[in-house]
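Below you'll find the structure, written out as structure tokens, and then a few comments.
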Amino acid sequence: MIRHSPERTGTTLRSLLFFFLLLDLSIYSISINARSNEHASFPPRGWNSYDSFCWTISEAEFLQSAETISKRLLPHGYQYVVVDYLWYRKKVQGAYVDSLGFDVIDEWGRMHPDPARWPSSKGGKGFTQVAEKVHGMGLKFGIHVMGGISTQAYNANTLVMDSVKGGAYEEAGRQWRAKEIGMKEKACVWMPHGFMSVNTKLGAGKAFLRSLYRKYAEWGVDFIKHDCVFGDDFNLDEITIVSEVLKELDRPVLYSISPGTSVTPTMAKEVSQLVNMYRITGDDWDTWRDVVAHFDISRDLSASSMIGAQGLQGKSWPDLDMLPLGWLTDQGSNFGPHRACNLTIEEQKTQMTLWSIAKSPLMFGGDVRKLDDATYNLITNPTLLEINSYSSNNMEFLYITAASNNPHHSIGNNVKTKLAFGLTSCKEPKANTWSVVDKNSGKICWNQYSGEKPEKPFCLYNRKALLSSNEEIEHNQLYQGKLHLQTNDKAESCLGASSRQKLSSKDFSRGALSLCKLDANQMWELHSNGTLENSYSGLCAVLNPVKAAGAGSNGVRSWIATGRRGEVYVAFFNLNPVKTTVSAKISDIAKALQNKTHLEEASCKSHEIWSASSFSSDLRNFSDSDVEALGRNWNRGRADEEQAAAAADVESFPSLKEAASNAKSKKKKKMMTLSEFTSGRGSVGLTQQEILQLPTGPRQRSEDEMQQPGRLGGGFSSYGDLMVVGLMMRGGGIISLGFRIFRKLRGLMIGANPRFDHLHLGPVTVIQTVNLTVGQEEWL
């Protein structure tokens, strides 16, 4: 059993153990060439300006960053450089994230870079010159765009462009304008002064979107991040149309959508084939609660086979958001990078490891011009990047146990929860749970779903119409049959589905009570199947279990994946605030993998990536037949190399040479079980006494030799007609003999626990720590 004791000190330290087992399972190899023509064949990797600059970045700052990325991060696959939102906003007094009247638009109501911040855009050039410079660095250029049309264009009532025929869009004998396609009642809830949805049922609405994305392609854009269209702002119609427009282009443009609040596997399946990346949480910032918030949704999407599913002209990837590491700014800030990341190094390792093994796109968010060595080494860790691109069978690994070393602290993945109002896909079974209780008062209530029963009934009341105004009459015609809901029949506030603030990953959608207004976010429709659908997002109301106030992040987690060369990756995550012993059995890996018989072909060794420590696998939980099967399927491809090394070992150690000679003369079988090897009843194997009589070196393998697979615990090595097994076992047994192992071990049991400081057995180096009892061993 492999054990690790991650420890947290103070209030911020979190711990992670991440090791991989090298298993020669050629069946898992990936053909890169076969996938080279796919769009987004691997999770995209790059840099986004938001975490370090918010909306304020300039052309000079962006190109400086791109040049640094080209030199330092492009060799590691970071190829996209993305300008995040509001590149069209003038950076002047009074301008901020949701200000109105400070944007640069063209005559067709389309956003244009602010020429003061982006001087090369003057003369209607847009991002053309910036894209050319980025491409000249070997990188790809991306931009952030908001859904729909800007409020500024709506107020100006600009003409809609027909990008197919040229000029203004005409239908039914007239030209169409912004106010005819903009849906004022569907303003983006967290940027209501900035943008609103367009009516995609109108030809003019589709024409406007087509002209937008064709213009971006003309500028040389390779990556589009489309915001306020997913999660609580779900707009499947606009996503579908934009996807179709991008598919029509003569070159691929990677399509990303956000935000991801309230996303479920059902919602992911609705969009995955239309896009290449889709956010699955709110914005991720540098807090531990934000990091922890990604574990459950990542697990759910993996279990639903959404990692690397079919996407737009290739594959699609659940997106855990940017990596807020290094030098950062603050959410919604008017200032650039000015502070260090708040996560501890252990918390940063946890984040980078989860993002990698869950195969999320890796979009670094820190200021690359001030990239410190620790952050650089973390985001370019070769093992993590290998896993992120090439691993498969990525999933949460369930076969772990944990025990707190603090008797006053309980360990578990369960924390106290309560039920809170939220949103989900209307296709989810739990959404079909609303019913009318009192028609006269318009009272509708949530019915119990499964075991999620609120402490008291949760009911809403339909608002009675106010004195009619022209605006309300028009509104009632638009939303005839819809409900304007309040928490009681005398309330002055109405329930909106989506929060008016942009939520971070740690936040959950809980609706918003605000002054009753005539907008889609406050309008609901109760269907005959019991779903309560919101008119803004098309999502349905539910009561979701959430952590009670003050509940901390608790429990342990583990993920597993297989590599293209047959290796198996396992990561342990301690989310507890105390020192915790995390345990897992090597034999349980077979239960997690799709075909456990592949393990029988394995030659097994382990390597922990953060400590750079290598160690043989602890196979105490394998039966005799398990060990024999491992030996029988020893990697034949390395037979010549192994035989030569074994012969050298025999010549170096007379006791081993004599044992091999005895085995040949007795004509014993080459394969033996563990019990046969250690029985000492005249077997071919060395007895415990003979093991102790072996010379203590001087020979040791080089570090390169140590890393080569094929001669580690769990397999058999051939010394002429003598087969010697190398593994460590609890109780009576042995032996790391004739195999390349370079790992500090604790608790090597031989006979009556003889105590050695150093025991050299040919290519083996074992450094022992004594005075441990059976059943309490721990890896150092």
Side-chain angles (χ1 to χ4, degrees), residues 1-6 14-21 23 25 28 264-265 268 280-281 291-309 318 320 349-351 353-360 384 387-388 391-404 410-415 417 450-451 545 547 552-563 567-576 578 580-600 602 604 606 608-609 617-623 626 779:
M1 184 169 290
I2 294 178
R3 292 182 170 88
H4 173 60
S5 297
R14 305 287 172 171
S15 294
L16 169 72
L17 174 67
F18 187 27
F19 64 92
F20 61 87
L21 311 174
L23 303 176
L25 308 178
Y28 290 120
T264 65
I280 59 175
T281 66
V291 174
V292 172
H294 292 82
F295 278 89
D296 285 351
I297 184 61
S298 298
R299 171 203 62 203
D300 295 344
L301 289 173
S302 169
S304 300
S305 302
M306 298 309 299
I307 297 177
L320 276 62
K349 288 178 181 179
T350 297
Q351 179 168 30
T353 301
L354 178 63
W355 265 237
S356 297
I357 202 166
K359 293 182 76 75
S360 168
L384 294 182
I387 293 169
N388 183 248
S391 62
S392 57
N393 300 311
N394 306 67
M395 69 188 84
E396 189 169 76
F397 183 52
L398 302 177
Y399 303 99
I400 58 172
T401 59
S404 171
S410 61
I411 294 298
N413 291 322
N414 296 320
V415 295
T417 62
S450 185
K547 291 180 181 178
S553 302
N554 206 22
V556 295
R557 296 292 183 93
S558 180
W559 272 67
I560 190 170
T562 53
E567 63 270 33
V568 173
Y569 299 97
V570 183
F572 290 156
F573 302 92
N574 175 27
L575 309 185
N576 294 300
V578 296
T580 304
T581 300
V582 183
S583 306
K585 297 178 181 179
I586 294 294
S587 56
D588 282 337
I589 290 177
K591 298 177 183 179
L593 299 181
Q594 293 180 353
N595 189 339
K596 66 179 182 180
T597 60
H598 296 155
L599 283 178
E600 296 177 355
C604 184
S606 303
E608 207 282 310
I609 70 168
S617 297
D618 183 349
L619 300 179
R620 282 174 290 214
N621 297 291
F622 279 75
S623 66
D626 288 328
W779 293 103

Nearest 0.5 Å, please: how far is [atom2] in [Y] from [atom1] in [X]?
X: Met306; Y: Ile297; atom1: CE; atom2: CD1; answer: 10.5 Å
X: Gln351; Y: Ser356; atom1: CD; atom2: OG; answer: 10.0 Å
X: Thr350; Y: Trp355; atom1: OG1; atom2: CH2; answer: 10.0 Å
X: Leu301; Y: Ile307; atom1: CG; atom2: CD1; answer: 7.5 Å

Mind listing the closest non-hydrogen atom pair of [X] and [Y] along with its distance?
X: Ser558; Y: Ala571; answer: OG-O, 2.8 Å
X: Gly563; Y: Tyr569; answer: CA-CE1, 3.7 Å
X: Ser360; Y: Asn388; answer: O-ND2, 2.9 Å
X: Trp559; Y: Arg299; answer: CZ2-N, 3.8 Å

Subject >> Option among Leu398, Asp296, Ile400, Val292 that satisfies the side-chain contact (heavy atoms from CB on, under 4.5 Å) test with Arg557 >> reply: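 The option that passes is Asp296.
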Original post:
Out of Asn393, Asn394, Val568, Ile357, which residue meets the side-chain contact (heavy atoms from CB on, under 4.5 Å) rule with Ile560?
Top reply: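 Considering Asn393, Asn394, Val568, Ile357, a side-chain contact (heavy atoms from CB on, under 4.5 Å) with Ile560 is found only for Val568.
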**OP:** Kindly assign one of parallel, tilted or perpendicular to the pair Phe573 and Phe295, based on the angle between their ring planes and the thresholds 30° and 60°.
**Re:**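 Phe573 vs Phe295 ring planes: perpendicular.
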Quick one: are [X] and [Y] in side-chain contact, heavy atoms under 4.5 Å?
X: Lys359; Y: Ser391; answer: yes
X: Phe397; Y: Asp588; answer: yes
X: Thr281; Y: Leu320; answer: no

